[in-house]
Amino acid sequence: KPPDVVFEVTSTSTKREDEHDKPVLYAAMGVKECFLYDPTADYLEPPLHGYRFGKGVPTPIRRDKRGALVSRCLGVSLRLEGSDLVMADQTTGERLLTQVEFEQAQRKAAEEKQKSVEEQLRAAQAEIAKLRRQLGQSPPGE
């Protein structure tokens, strides 16, 4: 089975293939959508284009009111933030994280959880020490 969606990171040197040859090939293969992204904005204006293939004919995807392209297959909207390609969940509007952003978020969450556990432990130890003082007991080892 061919992929439903293809992303081409394109450049001036592959311009002809990416804009003309590959969309025809993708349509013949049964690909449903294709997106072209020119990260350096050397020749595509705007640097992000999308096509749907119906009956073997590439049809440009129109931008929504925010200027984003919507992938029906993936359920995401694609837009540019500066020169960065950003995807957002079409239902929630939530920005999808890159792998690096996801890993950073996981690390941060783990660090915050560790700090919370350490704070709870210190609070519990302080409470135990307080209760021992109230009972007139010495801490172990004293």
Side-chain angles (χ1 to χ4, degrees), residues 1-135 137 139-142:
K1 177 184 180 315
D4 288 333
V5 181
V6 172
F7 288 87
E8 285 286 346
V9 178
T10 185
S11 68
T12 304
S13 64
T14 61
K15 172 181 173 174
R16 169 93 179 124
E17 293 170 35
D18 296 338
E19 284 190 289
H20 302 286
D21 301 341
K22 288 182 181 178
V24 172
L25 174 65
Y26 295 147
M29 289 172 53
V31 171
K32 295 177 182 162
E33 297 175 333
C34 175
F35 295 91
L36 300 178
Y37 172 49
D38 177 9
T40 57
D42 286 338
Y43 80 94
L44 275 181
E45 182 55 44
L48 177 63
H49 289 251
Y51 299 93
R52 284 199 182 87
F53 302 108
K55 300 179 184 171
V57 179
T59 304
I61 297 174
R62 294 184 195 196
R63 295 177 187 285
D64 67 12
K65 60 187 172 209
R66 296 177 313 237
L69 299 175
V70 175
S71 169
R72 291 179 188 159
C73 293
L74 300 176
V76 298
S77 63
L78 297 94
R79 68 179 187 279
L80 295 174
E81 288 183 1
S83 63
D84 294 332
L85 177 59
V86 174
M87 292 184 189
D89 183 284
Q90 190 60 27
T91 305
T92 65
E94 185 177 341
R95 184 178 179 276
L96 303 181
L97 301 178
T98 65
Q99 183 68 30
V100 170
E101 291 168 333
F102 177 74
E103 290 169 0
Q104 289 171 341
Q106 281 189 316
R107 273 194 299 279
K108 184 177 179 182
E111 289 169 3
E112 289 173 1
K113 184 173 183 176
Q114 180 65 31
K115 286 180 186 177
S116 174
V117 167
E118 289 170 0
E119 288 171 5
Q120 290 173 1
L121 177 61
R122 281 192 292 275
Q125 288 170 334
E127 183 66 19
I128 290 169
K130 176 183 165 189
L131 292 171
R132 282 193 171 133
R133 282 191 301 276
Q134 288 175 350
L135 292 171
Q137 294 180 356
E142 286 187 16

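Under a cut-off of 6.0 angstrom, the local environment of NZ in Lys65 is sparse, with at most 12 non-hydrogen atoms contributed by other residues, nucleotides or ligands. Atom CD of Glu94 has 12 or fewer neighbouring heavy atoms from other residues, nucleotides or ligands inside a 6.0 Å radius.
Nearest heavy-atom pair, Glu101 versus Leu97, reported as atom, atom and distance to 0.1 Å: OE1-CA, 3.4 Å. When every heavy atom of Ile61 is checked against every heavy atom of Val70, the shortest pair comes out as CG2-O, 4.0 Å. Across all non-hydrogen atoms, the minimal contact from Pro39 to Thr10 is CD-O, 3.7 Å. Across every non-hydrogen atom of Ser77 and Ala68, the tightest pair is CB-CB, 4.0 Å. Taking each heavy atom of Val6 and Pro3 in turn, the nearest pair found is CG2-CG, 4.0 Å. A pairwise comparison of heavy atoms in Leu85 and Tyr37 identifies N-OH, 3.5 Å as the closest pair.
With rounding to the nearest 0.5 Å, the separation of CD in Gln114 from CD in Glu119 is 10.5 Å. The line from CG of Asp42 to OG1 of Thr12 is 4.0 Å long, rounded to the nearest 0.5 Å. Taken from CZ in Arg95 to CE in Met87, the straight-line distance is 11.0 Å, to the nearest 0.5 Å. The CG atom of Leu121 sits 4.0 Å away from the CD atom of Gln125 when rounded to the nearest 0.5 Å. If you take CZ on Arg52 and SG on Cys73, they are separated by 7.5 Å, rounding to the nearest 0.5 Å. Atoms CG and NZ, on Leu36 and Lys15 in that order, are 12.0 Å from each other to the nearest 0.5 Å.
Inter-residue side-chain proximity for Leu78 and Phe7 is flagged as met; some heavy-atom pair is nearer than 4.5 Å. A 4.5 Å side-chain heavy-atom check between Phe53 and Pro23 finds at least one atom pair inside the cut-off. Annotation: side chain of Pro46 is in contact with side chain of Arg63 (closest heavy-atom distance under 4.5 Å).
No donor-acceptor pair under 3.5 Å is formed between the side chain of Glu33 and the backbone N or O of Gly50. Looking only at distances, a side-chain donor or acceptor of Asp38 sits under 3.5 Å from a matching main-chain atom of Leu44.
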*Take Gln120 and Ser116, measure what side-chain contact (heavy atoms from CB on, under 4.5 Å) needs, and give me the verdict at the end.*
CA-CA 6 Å; Gln120 290 173 1; Ser116 174; 3.6 Å; yes

*Check the pair Arg79 / Leu48 against side-chain contact (heavy atoms from CB on, under 4.5 Å), numbers first and verdict last.*
CA-CA 8 Å; Arg79 68 179 187 279; Leu48 177 63; 5.6 Å; no

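The salt bridge (Lys or Arg N to Asp or Glu O under 4.0 Å) search around Glu19 returns none, not counting sequence neighbours.
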